[in-house]
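Before any comments, here is the structure.
Note that the structure is a prediction, hence the values are computed from the model and not measured.
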Amino acid sequence: MARKLIPLDAAAALIAEGAVVSVSSSSGVACPDATLKAIGEHFRRTGRPRNLTAIHPIAAGDMYGIEGVNHLAQPGLLKRVVVGSLPSGTSSMESPPIWRMIIDGEIEAYNLPSGVLFHLHREAAAGRPGLLTKVGWDTVVDPCHGGGKMNERTCEDIVRRVEFDGDEWLFYKAIPVDVAIIRATTADERGNLSMEHEGSYLGAMDQALAAHNNGGIVIAQVKRLAKAGALPAQSIRVPGTLVDYIVVDPDQLQASQTLYDPAISGEVAAPLSEFETVEWGVGKVIARRAAMTLRQGETVNLGFGISALVPYIFLEEGLHGETTWAIEQGAVGGLPLRDFAFGCASNPEAIMPSPDQFTFFQGGGFDRSLLSFVEVNAAGSVNVSRLSAIPHITSGIGGFIDITTGARSIVFSGNFTAGGLQADIEGGGLRIRREGRFKKFVPEIEAQTFSGDMAMKRGQAITYITERCVMKLDDAGLTITEIAPGARLQEDVLDQADIPLRVSPDLRQMPAEIFQPEPMGLQLAPKADARQ
């Protein structure tokens, strides 16, 4: 322990100029924030380390006080970032420092799928050249759509289209890692790491392997120390043979604005009565309609936003446990948390490492995915990753592309327009009081994070749910299949889209019960079979 335990500033001093540094974090979940802060402070005092490449498979930092990668956002310290996502902000706040550096072209920046980035660590650790995959084909990470480059300063191609064994693939080049900064709960005297208070293991093991096998160093931030042999062998998530240095932050947060909740780490089961129901409004209406698409016994992936409300609709309807929720940070089952705590679940049945969870997603092992949208074009393609008017309002790709590539059924949920939309749910119907300033169904989307054309080729079932209508995607484009009671087809729907929308000859009203504040009495149909 004496050899491995060092102060935070000493850890920062270990990082060499030009190093590739991989950080294990998901917004505020398991973020080694004290270590990142120490690196930033060390640079301000000494001017070192310089010209780092920082890899963040999921964002390090949030909008709630955990700075994460923003500690590193200093001219000269960073040369390049390769990220799955970045800390986002609100529309009213100034862009976070890392976003300003990317927008102003001060650093090179790539946005790649989170699962791909996790798996690239495995490739680098094993000495393999990179990853062959279909994940990202005909999306913003495809070289035909920019190759994941976030600004004009970013020139190197790290994603290529290649032919192999008679088929076309994307090839992502492995990135050797010099330093891995990971987080755990406890380190023993030999450097063995356990994660008993963590809500997610993320990719700590794979990132440690990538650095260790490349001759680099592994720095582990922990909450507390233990004597050798005090930790059960089965609790060890990263063995001490991979850990070079340990730093201690007894105040590290478990998740955003959460010091420690044992229900998040699965140590106790919290009473379901502790959780509040969803506030009445258009978001709840959309989430209710999305809930109706699910079947009993399904495994369902959830994304951030309105989709994260669906488990709480189930809770209100007495259906908790009728489906199994799975999120990219690794939680399986339980009740996924929303808002600032998204990325964790209360009372999880299991917590998987994120790379394994992404293997599950990329291979289409789940039944359905509930996700959000920012823009949609006539082909049904979706943008969630880029909005130049307010760049930091999105967090980037995250696991969206990993998930949508293999999903058999996807439900996209969101408001029909954005920017000041005011709508009332009254009298069992919808009334638009003020339309949003921005159209979301547009001829050209800023970034193709999901390809409608590829969805049709894959035979995926795609649904778009808004407060005023439901649409389905087929080979001819978007078709309105349901309209909200009280909504006007021409004025409220067709006129508010800048693309042509077909109207089904069997157009029907959205279920009336979702527009009433009391519970719906939702009943789930059984899942037809294991692959439907």
Side-chain angles (χ1 to χ4, degrees), residues 57-58 83-85 110-123 130-148 158-165 167-173 203 298-304 307 326-330 352 354-374 376-377 379-386 395-413 445 447-464 473 531-532:
I58 312 181
V83 300
S85 54
Y110 297 85
N111 189 193
L112 303 181
S114 292
V116 166
L117 281 174
F118 279 124
H119 292 159
L120 283 177
H121 285 79
R122 291 182 171 178
E123 301 305 301
L131 184 69
L132 277 180
T133 180
K134 295 290 187 180
V135 173
W137 190 271
D138 197 31
T139 73
V140 68
V141 298
D142 189 322
C144 295
H145 295 284
I158 62 175
V159 187
R160 292 187 285 126
R161 282 190 171 196
V162 299
E163 290 189 12
F164 176 75
D165 200 25
D167 202 355
E168 292 184 302
W169 304 81
L170 290 184
F171 176 74
Y172 294 83
K173 184 179 178 182
E298 288 187 331
T299 300
V300 181
N301 163 259
L302 289 172
F304 187 71
S307 299
I327 55 179
E328 64 190 61
Q329 288 80 2
M352 296 173 61
S354 286
D356 297 332
Q357 189 82 303
F358 276 114
T359 298
F360 175 59
F361 290 154
Q362 290 175 4
F366 59 110
D367 297 290
R368 208 176 301 272
S369 186
L370 306 182
L371 300 168
S372 298
F373 66 86
V374 173
V376 181
N377 68 12
S381 297
V382 173
N383 169 28
V384 297
S385 59
R386 185 182 302 163
S395 60
I397 292 167
F400 186 94
I401 292 177
D402 302 282
I403 292 161
T404 55
T405 297
R408 296 188 294 279
S409 175
I410 306 171
V411 177
F412 293 111
S413 297
I445 56 178
Q448 186 157 294
T449 329
F450 168 78
S451 169
D453 289 338
M454 288 304 301
M456 292 299 94
K457 291 176 182 177
R458 295 176 184 134
Q460 294 171 303
I462 310 299
T463 304
Y464 309 80
L473 179 65
R531 300 300 297 175
Q532 184 168 336

Interatomic spacing from [atom1] in [X] to [atom2] in [Y] - rounded to 0.5 Å:
{"X": "Asp356", "Y": "Phe118", "atom1": "CG", "atom2": "CZ", "answer": "10.5 Å"}
{"X": "Asn111", "Y": "Leu117", "atom1": "CG", "atom2": "CG", "answer": "8.5 Å"}
{"X": "Ser369", "Y": "Phe412", "atom1": "OG", "atom2": "CZ", "answer": "7.5 Å"}
{"X": "Glu168", "Y": "Leu132", "atom1": "CD", "atom2": "CG", "answer": "12.5 Å"}
{"X": "Asp138", "Y": "Lys457", "atom1": "CG", "atom2": "NZ", "answer": "7.0 Å"}
{"X": "Gln448", "Y": "Asp142", "atom1": "CD", "atom2": "CG", "answer": "9.0 Å"}

Lys134, NZ atom: more than 12 neighbouring heavy atoms under 6.0 Å: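 Check passes, neighbour count above 12.
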Arg160 atom CZ, neighbour heavy-atom count above 12 within 6.0 Å: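 At most 12 heavy atoms, drawn from other residues, nucleotides or ligands, come within 6.0 Å of this atom.
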Looking at every heavy atom in both [X] and [Y], which two are closest together, and how far apart are they?
{"X": "Phe361", "Y": "Ala326", "result": "CZ-O, 3.8 Å"}
{"X": "His121", "Y": "Pro57", "result": "CE1-CG, 4.0 Å"}
{"X": "Ser114", "Y": "Glu328", "result": "OG-OE2, 4.3 Å"}
{"X": "Gln460", "Y": "Ile410", "result": "NE2-CD1, 4.1 Å"}
{"X": "Arg408", "Y": "Phe366", "result": "NH2-O, 2.8 Å"}

Give a yes or no answer on whether the side chain of [X] reaches the backbone of [Y] with a donor-acceptor pair at less than 3.5 Å.
{"X": "Asp402", "Y": "Val135", "result": "no"}
{"X": "Gln362", "Y": "Thr405", "result": "no"}
{"X": "Ser381", "Y": "Asn377", "result": "no"}
{"X": "Asp367", "Y": "Thr299", "result": "yes"}
{"X": "Ser85", "Y": "Gly398", "result": "no"}
{"X": "Asn383", "Y": "Ser385", "result": "yes"}
{"X": "Arg386", "Y": "Ile397", "result": "no"}
{"X": "Arg458", "Y": "Gly406", "result": "no"}
{"X": "Asp453", "Y": "Ala379", "result": "no"}
{"X": "Ser307", "Y": "Ser413", "result": "no"}

Aromatic contact, Phe164 with Phe171 (centres under 6.0 Å):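 No - the distance between ring centres of Phe164 and Phe171 does not fall below the 6.0 Å cut-off.
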So do the side chains of [X] and [Y] get within less than 4.5 Å of each other, counting heavy atoms only?
{"X": "Trp169", "Y": "Arg161", "result": "no"}
{"X": "Ile158", "Y": "Leu112", "result": "yes"}
{"X": "Pro143", "Y": "Leu170", "result": "yes"}
{"X": "Pro113", "Y": "Phe358", "result": "no"}
{"X": "His119", "Y": "Pro355", "result": "yes"}

Pair Thr449-Thr139, side-chain contact (heavy atoms from CB on, under 4.5 Å): steps then yes or no: CA-CA 5 Å; Thr449 329; Thr139 73; 5.9 Å; no
Parallel, tilted or perpendicular: ring planes of Phe450 versus Phe400, cut at 30 and 60 degrees: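 Rings of Phe450 and Phe400: perpendicular, as their planes differ by over 60°.
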Steps toward side-chain contact (heavy atoms from CB on, under 4.5 Å) verdict (Asn301, Leu371): CA-CA 8 Å; Asn301 163 259; Leu371 300 168; 3.8 Å; yes
